[in-house]
S.K.: 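Supplied in structure tokens, the structure appears directly below.
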Amino acid sequence: MSRYFTKTLAALKPYVPGEQPRDMKYVKLNTNESPFPPSEAAMKYASEHLRSLNLYPDPESAGLIKALADTYGVASEEVIVSNGSDEILFFAFKAFCDNEHKAVFPDITYGCYTVFANANNVPYREIPLKEDLTIDTGDYAETGNTIVLANPNAPTGIALPLESIEELLKAHPDDIVIIDEAYIDFGGESCIPLIKAYDNLLVVQTFSKSRSMAGARLGYAIGNRELIRDLNTIRNSFNPYNINSMTYSAAIGTLMDREYTLNNCREIIRVREYTVSELVRMGFKVLDSKANFVFACSDRISGEELYRRLKEKGVLIRHFAKDRIDNYNRITIGTKEQMDILLDRIREML
Ligand code: PMP
């Protein structure tokens with residue numbers, strides 16, 4: 001740290017992303033990326049627009065916002081796009097949390113929530129997951145806070161039913177409820193339709209998982225137009241050109257190629273169910289996942305040892321050295337071939 005770093009920021013604990021090692025070729029099942037390439041239409045559109053990189057992109061991303069609005073049957077004013085969904089989550093912590101509205105979220109969830117709360121000087125409370133690592137929305141009864149839930153949750157993969165989210169929205173008419181649906185396309189039920197009835201709901205999604213565009217960095221949020229206007233005020237105060245032209249064009253291509261995304265999601269779900277049954281056959285406990293990853297543990301090998309020995313054998317999975325979950329590993333669902341390599345390596349080990 002330099003001696004110039006401001007005192008208010010010196011204590012920041014930045015997010016630690018999953019490893020992206022370059023020392024050898026791994027079967028990479030640690031950062032929940034899609035194993036499939038972007039759609040052909042995405043690549044075609046992005047390359048056609050390379051010629052206009054001398055120009056700034058549209059600061060309103062109007063065409064992309066319209067395409068997303070049409071996809072979800074909402075108005076353009078109810079959509080905002082961001083540089084990855086991380087950016088919109090950061091904006092939302094800035095816009096909707098302060099000393100009077102602290103952030104509340106589960107103790108075991110996406111690690112960026114604590115990072116973004118700290119970076120925005122926002123007080124927060126972590127609410128413990130139940131013994132079985134599920135969220136009980138009844139634990140979020142206190143009013144006056146901004147509630148942030150990943151649905152499905154990460155790293156557990158467990159999804160909340162739509163009714164539980166609606167109950168939460170009803171119980172908190174004066175509090176913002178942010179539902180992070182990064183993994184919703186793999187079997188969960190999106191609460192986007194609820195934005196019409198609840199002006200306190202903000203739904204956040206991403207192109208990084210089901211749409212094979214993690215490298216392009218594109219997220220979006222859907223909610224009441226006043227919430228979206230607030231978020232645009234933040235966006236235009238920080239990074240008005242937050243969507244680059246290539247990402248913009250690739251995203252339009254992807255949205256046109258809906259069948260490709262749907263087929264990939266179906267395939268991930270199929271391979272997930274296969275992986276779960278093989279892991280269970282080997283004695284693993286696997287949580288009920290509606291995401292493109294599974295969260296599993298075994299009493300025959302510790303979570304840390306499994307992670308370490310798989311890495312030695314060229315397979316990367318994600319281990320969290322955290323209370324209550326340190327015997328688990330989060331395993332991204334790749335192609336069937338990748339999962340067979342993982343399963344073979346585990347079989348050899350056990
Ligand atoms: N939410 C959750 C629950 C995530 O796991 C992630 C990424 N791993 C994100 C949001 C952010 O994704 P991105 O910025 O790539 O859209």
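Both counts, for ligands and for their atoms, begin at 1 and track the order of listing.
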S.K.: Are any of the N/O atoms on Ser85, whether in the backbone or the side chain, positioned under 3.5 angstrom from an N/O atom of ligand 1?
M.R.: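 Indeed, backbone or side chain, Ser85 has an N or O that close.
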S.K.: Among all protein heavy atoms, pick out the one at the shortest distance from atom 6 (C) of ligand 1; state its residue, atom name and that distance to 0.1 Å.
M.R.: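 Going by distance alone, atom 6 (C) of ligand 1 is nearest to Tyr110 CZ, 3.4 Å.
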S.K.: Do Glu348 and Arg345 sit within salt-bridge range, that is, some charged N less than 4.0 Å from a carboxylate O?
M.R.: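 Yes.
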S.K.: Give the residue, atom name and distance (to 0.1 Å) of the protein heavy atom nearest atom 8 (N) of ligand 1.
M.R.: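 For this ligand atom, the closest protein heavy atom is Lys209 NZ, 3.2 Å.
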S.K.: May I ask you to check whether Arg125 and Asn145 show a side-chain donor-acceptor distance below 3.5 Å?
M.R.: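 Arg125 vs Asn145: no donor-acceptor pair found between side chains.
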S.K.: Would you please determine whether Asn32 falls within less than 4.0 Å of ligand 1 on a heavy-atom basis?
M.R.: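 No; Asn32 lies far enough from ligand 1 that no heavy-atom distance drops under 4.0 Å.
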S.K.: Salt-bridge test for Glu40 and Lys44: reply yes if a basic N is under 4.0 Å from a carboxylate O, no otherwise.
M.R.: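 No, Glu40 and Lys44 are not salt-bridged.
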S.K.: Can you find a non-hydrogen atom of Arg217 under 4.0 Å from ligand 1?
M.R.: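 Arg217: in contact with ligand 1 (<4.0 Å).
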S.K.: Suppose I only count heavy atoms of Gly84 and a 4.0 Å limit; which atoms of ligand 1 are within that range?
M.R.: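 Contacts of ligand 1 toward Gly84, numbered from 1: 14 (O), 16 (O).
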S.K.: Out of Phe293, Tyr183, Tyr15, whose heavy atom is nearest to atom 4 (C) of ligand 1?
M.R.: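 Ranked by closest heavy atom to atom 4 (C) of ligand 1, first place is Tyr183.
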S.K.: Less than 4.0 Å between a side-chain N and a carboxylate O, is that true for Glu259 and Arg266?
M.R.: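 Here Arg266 pairs with Glu259 in a salt bridge, since their nearest N and O are under 4.0 Å apart.
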S.K.: Side chain, backbone, both or neither: which part of Asp180 has a heavy atom under 4.0 Å from ligand 1?
M.R.: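 The part of Asp180 near ligand 1 is the side chain, not the backbone.
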S.K.: Does a side-chain N-to-carboxylate-O contact under 4.0 Å join Arg217 and Glu87?
M.R.: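 Here Arg217 does not pair with Glu87 in a salt bridge, since their nearest N and O are not under 4.0 Å apart.
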S.K.: Would you mind reporting whether Ile178 and Phe93 have side-chain heavy atoms less than 4.5 Å apart?
M.R.: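 They are not in side-chain contact.
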S.K.: Number the atoms of ligand 1 from 1 as they appear, then name those within less than 4.0 Å of a heavy atom of Ala182, with their elements.
M.R.: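 By the 4.0 Å cutoff, the relevant atoms are 1 (N), 2 (C).
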S.K.: Quick one: CG on Leu64 to OH on Tyr248, what's the gap to the nearest 0.5 Å?
M.R.: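 Interatomic distance, Leu64 CG to Tyr248 OH, rounded to 0.5 Å: 6.0 Å.
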S.K.: Heavy-atom contacts with Ser208 under 4.0 Å: which atoms of ligand 1 show up? List them by number with element.
M.R.: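 Heavy-atom distances to Ser208 below 4.0 Å select 13 (P), 15 (O), 16 (O).
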